[in-house]
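All ligand and atom numbering here is 1-based and tracks the order in the structure. What you see is a predicted model; the values in this text were computed from it and never measured.
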Amino acid sequence: MIAPAPSDTLMEDIVGLCKRRGFIFQSSEIYGGYNGFYDYGPLGVELRNNIKQAWWRDFVQCRDDIEGLDSTIIMHPKIWKASGHVDGFSDPMVDCKESKLRYRADQLFFAPVSVNGETIGYVSVVECIDQQEVAEKAAAEMKRKMAKQGELDTIELKEYTEAKPEQYELIPSPATGKPGSLTEPREFKLMFETKVGPLADDAATAYLRPETAQGIFANYKNIVDTGRVKIPFGIAQIGKAFRNEITPRNFIFRSREFEQMEIEYFISPSADWKTLHREWIDTCTDWLVSIGLPREGISEDIHPEDKLAFYSQATTDLMFQFPHGEQELWGVACRSDYDLKQHQEHSGKSMTIFDETVKEKYVPHVIEPSLGVDRTLLAVLSAAYTEDEVPNDKGKVEKRILLKFSPKIAPVKAAIFPLLKNKPELVEVAKRLHKKLQRRWNVFYDASGAIGRRYRRQDEIGTPFGITIDFDTIEKDGTVTLRDRDTCEQRRVTEDELIKFLEEQIDG
Ligand code: GAP
């Protein structure tokens, strides 16, 4: 029986497995680590590449209306001025003067604690899955310590950004539990700066891109002028992005160096953008399901109109049930003609396109589906992580950890085992099959240890299929044993049947 790990320990289990089996390591670990940066090990890089390849194939190669692009990470600084990032790309930050810890003010929550309508103090809590419960416990403790009689009023948490100046002195720091050490929120710029060229003066300041999108807008004219596209069309890009996040956390969910897969989909200003937006949300949801995320784990967060940026017509985030709670995975935004018009104004170059169907020239509007590679990888890992119990070689039931990756994105597609490593006839056939499959897929050869242990090692890294070469293979009919990772069921197949099966499962 499959028993999913409880979500509060799931993140720890995933982080432990990722390190143990070589998926993800903390960057610069030998120097104590570097907060907000992660390295992908041998299995992690395979999984990551498979996610990117699936996205590229489905959104670029399999569509006639989307073209690919790979722009530079460092671009002319004027691009970031035009896009609004230089002046406006920041998060509200608050410092604890005593502990020197730093928080994002929109991830720090506070509430007055009142007993029968009388405020007796304040509680604060850093955003977490059970923040309401944590705050209520702290309020009950405050009431007990102050020996107050009566009923605690409902705790209504608010973002620290909504605190009134007179409340800053009263709200306790989550680090010390004492009021008076939190600063008022101030804007913290998220773009990493660097210097380009031999002179390190202000004029040499450049930025590491905080999104790949602006590289698309900056190349829009080149792609239109190459003459391959007509409205509606999209430009897609996969690439690194950098943000000096105030509080990188939750493993690879929010890091300072990450990768994005973004599309700018250009449409006519008179197009029915609401319908197109809906279509994009559905397409994106279906894609997440196609790589193995459970549909029931995905939900939509429609941004309220009064919280939208002034140029945005609508934004819906696809949310996923991560181990640390329901959080944004994929943003699908209708950004009007804002970005292109900004670049038109700042560069002096026309961003219009001639629409043959209506014989009109205009600056197109844009729908932007923007997805993080690392967040997708974390979603995939959390959905795949499973613990169950299966009998070992001696028939004794044992706990098993497995990653139920879809064969499409699994880092290793199949493992090939000779039943015994000291039987040259078995080893020879297994090695030949391994070489043959290796030309098409990432497969693994393993001859060491009991067969059950070899299966278990592959289950833990999510290899969907085990192929065993045994005595029937060499003495009887040449068939091999094909084992399914999730059900542990085994069946005999010929080599042709095996290859056809793998093609269907992996290449879809
Ligand atoms: N061009 C629009 C844009 O960049 P965003 O909502 O800031 O929008 C899009 O980012 C996606 O990039 C997010 O939905 C998330 O998947 C990913 N992302 C953003 N910041 C991230 C971070 N610090 N670490 C990992 N992924 C991040």
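- The salt bridge (charged side-chain N to carboxylate O under 4.0 Å, His left out) analysis of residues 26-38, with sequence neighbours excluded, yields the pairs K19-E29.
- Each of the atoms 14 (O), 15 (C), 16 (O) of ligand 1 lies under 4.0 Å from some heavy atom of L329.
- Put simply, no part of D374 is less than 4.0 Å from ligand 1, judged by heavy atoms.
- Here OG1 of T376 is found 3.5 Å from CG of L371. Values are rounded to the nearest 0.5 Å.
- Looking at E245, E264, R243, it is R243 that brings a heavy atom closest to atom 5 (P) of ligand 1.
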Check residues 183-192 and write down every donor-acceptor pair under 3.5 Å in which the side-chain atom is one partner and the other belongs to a residue at least two apart or another chain.
residue	atom	partner	partner atom	Å
T183	OG1	D95	N	3.0
R186	NH2	D95	OD2	2.4
E187	OE1	S90	OG	2.7
K189	NZ	V86	O	3.1

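- Using bins of under 30°, 30° to 60° and over 60° for the plane-to-plane angle, the ring pair Y34/F37 lands in the parallel bin.
- Geometrically, ligand 1 and E368 share a nitrogen or oxygen pair separated by less than 3.5 Å.
- Residue R375 comes nearest to F322 through the heavy atom pair O-CE2, 3.5 Å, listed as atom of the first residue, atom of the second, then distance.
- With a heavy-atom cut-off of 4.0 Å, A213 touches ligand 1 through its side chain alone.
- The N/O atoms of R254, backbone and side chain alike, include none that comes under 3.5 Å of an N/O atom in ligand 1.
- Counting heavy atoms closer than 4.0 Å to ligand 1, residue Q260 contributes side-chain atoms (C-beta onward) but none from N, CA, C or O.
- In this structure, H76 NE2 and Q214 CD are separated by 14.5 Å, a value rounded to the nearest 0.5 Å.
- Note: no N/O pair closer than 3.5 Å links L371 and ligand 1 by distance alone.
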